[in-house]
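Here's the structure we're looking at; comments come further down.
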Amino acid sequence: QVQLVESGGGLVQAGGSLRLSCVASGLTFSRHAMGWFRQAPGKEREFVAAVDYSDRTYYADSVKGRFATSRDNAKNTVTLQMNNLNPDDTAVYYCSAAVTITGRELRDYQTWGQGTQVTVAS
């Protein structure tokens, strides 16, 4: 069964950085686009970033220029480097595996990790 485990969340001051990691098992990792989503209190889950099978990346406008995602197929790992964090970035961050190699449709992301909390203090 597919398992996704996020790590790296925590408390950081505004302007700081965090690196999140997601380790996947139970799937052929290289066959899946991998995405990051987040959910803030009282808000809907929103798309943050994704990286497809060929290392092409996609970002929400709110994080462009600040966040970067990458994958290491040898380690079945996807990372999210978050820089210049602000309080609006506070959320639970989830890793997700798409059912396609491109992950261009949000509905393709159907398998989720348990999430890791990111809290940014002003």
(Q) Does either side chain, that of Asp52 or that of Thr102, offer a donor lying less than 3.5 Å from an acceptor on the other one? (A) no
Closest non-hydrogen contact found for Ser122 with Ala14 is CA-CB, 4.3 Å
Point to revise | Val51-Leu18 co-clustered via ILVMFWY side chain contacts under 4.5 Å | key: yes
Minimal heavy-atom distance between Gly115 and Val92, with the atoms involved, is CA-CG1, 3.8 Å
Worksheet item: So, does Gln81 use its side chain to make a donor-acceptor pair with the main chain of Arg19 at under 3.5 Å?
Response: no
To the nearest 0.5 Å, atom OG1 of Thr116 lies from atom CG of Leu20 at 6.0 Å
Q | ring-ring contact (aromatic ring centres under 6.0 Å, His included) assessment of Tyr93 paired with Phe37 | A | CA-CA 6 Å; Tyr93 283 71; Phe37 296 74; over 10 Å; no
Is a salt bridge present between Asp89 and Arg66, judged by a nitrogen-to-oxygen distance below 4.0 Å?
yes
Rounding to 0.5 Å, atoms CG (Asp55) and OG (Ser70) come to a distance of 8.0 Å
OG of Ser25 to CD of Gln3, rounded to nearest 0.5 Å, is 4.5 Å
Between Ala24 and Phe29, the two heavy atoms sitting closest are CB-CD1, 3.7 Å
Expected list for residues 42-49: side-chain donor-acceptor pairs under 3.5 angstrom, two or more places apart:
residue, atom, partner, partner atom, Å
Glu46, OE2, Arg38, NE, 2.7
Glu46, OE2, Arg38, NH2, 3.3

Under 3.5 Å: donor-acceptor pair, side chain of Thr90, backbone of Asp88: no
Correct closest heavy-atom pair for Ser96 and Tyr109 would be OG-CB, 3.2 Å
Residues 55-90 vs ring-ring contact (aromatic ring centres under 6.0 Å, His included), sequence neighbours excluded, gives none
Residues joined to Ile101 in its hydrophobic cluster, side chain to side chain under 4.5 Å directly or through other members, sorted by chain and number, are Tyr53
For Asp108 and Gly103 the tightest heavy-atom approach is OD2-CA, 4.2 Å
Can you check side chain to side chain donor-acceptor pair (under 3.5 Å) on Asn83 and Ser17, steps first, answer last? CA-CA 4 Å; Asn83 300 320; Ser17 298; 2.9 Å; yes
| Applying the 4.5 Å side-chain criterion to the ILVMFWY set and letting contacts propagate, would Val120 and Trp36 be lumped into a single cluster? | yes
Please evaluate residues Val12 and Thr119 with respect to the criterion side-chain contact (heavy atoms from CB on, under 4.5 Å), reporting the C-alpha separation (whole Å), side-chain torsions for both, the decisive distance (0.1 Å), and the verdict. CA-CA 6 Å; Val12 65; Thr119 303; over 6 Å; no
When every non-hydrogen atom of Met34 is compared with those of Cys22, the smallest separation belongs to CE-SG, 4.4 Å
When rounded to the nearest 0.5 Å, the distance separating NE2 of His32 from CZ of Arg71 is 9.0 Å
**Message:** Please determine whether residues Trp112 and Leu80 belong to a single hydrophobic cluster, defined as Ile, Leu, Val, Met, Phe, Trp and Tyr linked transitively by side-chain heavy-atom distances below 4.5 Å.
**Reply:** no
The reported gap from CG in Leu27 to OG1 in Thr111 (rounded to nearest 0.5 angstrom) is 8.0 Å
When rounded to the nearest 0.5 Å, the distance separating OG of Ser21 from NZ of Lys75 is 9.5 Å
